[in-house]
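Single-structure report; data block below.
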Amino acid sequence: MNYIKLILLILSTLTANDTAHHFASNKECKACHSQIYDEFSGSMHIHSIPQKDPIHKAIWDKHPQNKKQQCYGCGKCHTPAADNLNKMLTKGEKALPDATNPTHNDGIACAYCHRIERIEKHKKSNTNIISPVEKKYNGTRGEHIQSPFHAISTEGNALMKNGNVCIGCHSHKRNKHGLNVCSTNIANEMDGANCVSCHMPKVKGSVSDMTKRETHAFHGFAGSHYHSEMLTHYIDISILREIDDFVINIDNRTSHALLLHPLRAAVLKVSVIRDSKEIKLDNKQFIRVIGHEGKPAMPWKASTTLRDTMIKANEKRSVKYNFKLQKDDRVDVTLGWYLVNPKVLKKLGLENEAVASEFIAFKKEQFEF
Ligand code: HEC
Ligand code: HEC
Ligand code: HEC
Ligand code: HEC
Ligand code: HEC
């Protein structure tokens, strides 16, 4: 009897140190955190598998590991709550993303994020260390009523409080050539602003259905796909009229580049309205192109950055237009982006996917003279 107990104990500690943990499903949170659950359902964190994101699918379809029908290393960040995560991270194993597996479908699951205990820094990508205690979730509120479903930890989770809980996945991702494919370039301290205060601002509605609170942290994760309107106040657009030309200034008051993923293309569209006619000026594009031997390449092949005109963290970018403004002219400015650079749409077979090919107008301004 005691032997069996001992073996079970050893086995359970072994699995606790393993990369695959068991997580309560997102649905289990819905019963008491309905508003947070609804917001989360409309975020990229729940659309993180290829089956729920055509852009991800297009890239994964071309990936050498997928062509060999092998492991989905992407799972480290895209399906971190997967019950077969260990296999996904082991070369040679067959472990593909599966939309019929609920632990894959839960994406960056609620319970996963709320159990990140600490983050190990690594060169290729960081690693989240998960607390072995199953139903104890990290929060930030000093006082709360007890939850009948789970324990709450507010001590010892500085990561939650200072907004750094995100950087296990968002800090950097280097490929085998050492190129940083996708980076937030953490300088996560900016007049008190951090990942969480910008991307999870406080919005109306209670934290749980069992408590009456005025506000809670927004779980729709405002970003380039969804709810970008919640972030417009971090980018200012102004105009400077000169004698023969004018300048549009874009002031990025963010601690990272305007867009981070190398697929994106930001565009500045400017037109002058004169005598109720529209004069369109040339579009200006901001991109970061990665490649190999002088040519653009897929993220796993790229060895260098070929060109980088993206607006950087805290940069004020000035774009000059050789156009002489007159009295009563109006200048219409739109800053926005394509999630996938129109130049590579066809190559990726995404030309008919609205999410990839449509222009997202982020911020509009009008200036009258
Ligand atoms: C039976 C109801 C119930 C269920 C189910 C439930 N919670 Fe809670 N949870 C609560 C209550 C009540 C609070 C305290 C709310 C307050 O103080 O306003 C809470 C608080 C929290 C907090 C802490 C907030 C803070 O900063 O202190 C987190 C994090 C949390 N829940 C996560 C989850 C997750 C993740 C799930 C699903 C895996 C879940 N909860 C399921 C009732 C529940
Ligand atoms: C180290 C963590 C990490 C790993 C590993 C990772 N990703 Fe990602 N991925 C991210 C993050 C974070 C984002 C969001 C970045 C952004 O929007 O700027 C992202 C976004 C993407 C996007 C953009 C999706 C869209 O809708 O625009 C694609 C495509 C993508 N990843 C593909 C992959 C593939 C394929 C793999 C595996 C070969 C992979 N990723 C591995 C963290 C990771
Ligand atoms: C377990 C890894 C992981 C953690 C932790 C994580 N993210 Fe993400 N995040 C991702 C991945 C993967 C994507 C891309 C999903 C896709 O596009 O398929 C993403 C996408 C995003 C996006 C883009 C949304 C959009 O509309 O394009 C934002 C914003 C974001 N995350 C913010 C955060 C914040 C804030 C935190 C911390 C509170 C955080 N993330 C923690 C993995 C993670
Ligand atoms: C990517 C990481 C991440 C995911 C996924 C995530 N949360 Fe959170 N959650 C946070 C962070 C960070 C905070 C603290 C926000 C703050 O203090 O402003 C938080 C706060 C909370 C709170 C307290 C809200 C408040 O205003 O005090 C609850 C409750 C909660 N989360 C439940 C959930 C539930 C339920 C889900 C899934 C439907 C979920 N979380 C998914 C990161 C996450
Ligand atoms: C001062 C506010 C601010 C801070 C701090 C901030 N962001 Fe952002 N973030 C923005 C704005 C503004 C955008 C661009 C608009 C958009 O994508 O909706 C953005 C875009 C993003 C995107 C989408 C990029 C893409 O290419 O799709 C991700 C992912 C993201 N931020 C993650 C993070 C993470 C992780 C942190 C913390 C390390 C962070 N942000 C800190 C304001 C902020």
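For ligands, and for the atoms within them, numbers begin at 1 and follow the listed sequence. What's counted below: heavy atoms across the whole structure, side chains too, no hydrogens, waters or symmetry copies.
- Within the 4.0 Å heavy-atom criterion, the part of Thr211 lying near ligand 1 is the side chain and not the backbone.
- Against a heavy-atom cut-off of under 4.0 Å, His63 is close to the following atoms of ligand 2: 38 (C).
- Here is the list of ligand 1 atoms found below 4.0 Å of a heavy atom in Ala24: 38 (C).
- With hydrogens and angles ignored, the 3.5 Å screen pairs no side-chain donor or acceptor of Thr211 with any backbone N or O of Arg213.
- Screening Arg253, Arg317, Lys316 against Asp236 for a salt bridge (charged side-chain N to carboxylate O under 4.0 Å, His left out) leaves a single residue, Arg253.
- Under a 3.5 Å cut-off, the side chain of His56 and the backbone N or O of Ser48 do form a donor-acceptor pair.
- Any N or O atom pair closer than 3.5 Å counts here, and Glu143 shares no such pair with ligand 1.
- A side-chain N or O of Asn249 and one of Ser318 form a donor-acceptor pair less than 3.5 Å apart.
- Looking at Lys202, Lys204, Glu39 one by one, the single match for side-chain hydrogen bond (donor to acceptor under 3.5 Å, both in side chains) with His216 turns out to be Glu39.
- Annotation for ligand 1: atoms under 4.0 Å from non-hydrogen atoms of Cys110 are 35 (C).
- Ligand 1 has no N or O atom lying under 3.5 Å from any N or O atom of Thr154, backbone or side chain.
- Close approach to Pro148 involves these atoms of ligand 1, each under 4.0 Å from a residue heavy atom: 1 (C).
- Those atoms of ligand 1 with a heavy atom of Thr140 less than 4.0 angstrom away are 25 (C), 26 (O).
- Side-chain contact check for Lys121 and Ser171: no donor-acceptor pair (N or O, by modelled atom type) lies under 3.5 Å.
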Between ligand 3 and the protein, which N/O pairs are shorter than 3.5 Å?
| unit_1 | atom_1 | unit_2 | atom_2 | d |
| --- | --- | --- | --- | --- |
| ligand 3 | 7 (N) | His45 | NE2 | 3.0 |
| ligand 3 | 7 (N) | His170 | NE2 | 2.9 |
| ligand 3 | 9 (N) | His45 | NE2 | 2.8 |
| ligand 3 | 9 (N) | His170 | NE2 | 2.9 |
| ligand 3 | 18 (O) | Asp53 | OD2 | 3.2 |
| ligand 3 | 26 (O) | Ser224 | N | 3.4 |
| ligand 3 | 26 (O) | His225 | N | 2.8 |
| ligand 3 | 26 (O) | Tyr226 | N | 3.1 |
| ligand 3 | 27 (O) | Ser224 | N | 3.4 |
| ligand 3 | 27 (O) | Ser224 | OG | 3.2 |
| ligand 3 | 27 (O) | His225 | N | 3.2 |
| ligand 3 | 27 (O) | His225 | ND1 | 2.7 |
| ligand 3 | 31 (N) | His45 | NE2 | 2.8 |
| ligand 3 | 31 (N) | His170 | NE2 | 2.8 |
| ligand 3 | 40 (N) | His45 | NE2 | 3.0 |
| ligand 3 | 40 (N) | His170 | NE2 | 2.8 |

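- Note on atom 8 (Fe) of ligand 1: protein N/O/S atoms under 2.8 Å are His33 NE2, His150 NE2.
- Sorted pairs that involve residues 350-369 and meet side-chain hydrogen bond (donor to acceptor under 3.5 Å, both in side chains), not counting sequence neighbours, are lacking altogether.
- Atoms of ligand 1 lying under 4.0 Å from any heavy atom of Arg213, numbered from 1 in the order shown and given with element: 16 (C), 17 (O), 18 (O).
- Donor-acceptor pairing under 3.5 Å is recorded for the side chains of His122 and Glu120.
- Here Asn138 has backbone heavy atoms under 4.0 Å from ligand 1, and that is the only part of it that gets that close.
- Rounding to the nearest 0.5 angstrom, the gap separating the CZ atom in Phe362 from the CG atom in Leu259 is 8.5 Å.
- More than 12 non-hydrogen atoms from other residues, nucleotides or ligands lie less than 6.0 angstrom from CG of Asn283.
- A donor-acceptor pair under 3.5 Å is formed between the side chain of Lys76 and the backbone N or O of Asn126.
- Going from atom CG of Asn180 over to atom NZ of Lys173 covers 9.5 Å, rounded to the nearest 0.5 Å.
- Taking every heavy atom of Ile145 and a limit of under 4.0 angstrom, the matching atoms of ligand 1 come to 12 (C), 14 (C), 17 (O).
- If you number the atoms of ligand 1 from 1 as listed, the ones under 4.0 Å from a heavy atom of Gly139 come out as 25 (C), 26 (O).
- There is a side-chain donor-acceptor pair under 3.5 Å between Tyr112 and Asn128.
- Contact check on Asp308 versus Lys312 returns a salt bridge, with a Lys/Arg side-chain nitrogen under 4.0 Å from an Asp/Glu carboxylate oxygen.
- A salt bridge between Arg330 and Asp332 is present, with a side-chain N of the basic residue lying under 4.0 Å from a carboxylate O of the acidic one.
- With a heavy-atom cut-off of 4.0 Å, Glu28 touches ligand 1 through its backbone alone.
- Hydrophobic clustering, defined by side-chain heavy atoms of Ile, Leu, Val, Met, Phe, Trp and Tyr closer than 4.5 Å, groups Val203 together with Phe218, Met230.
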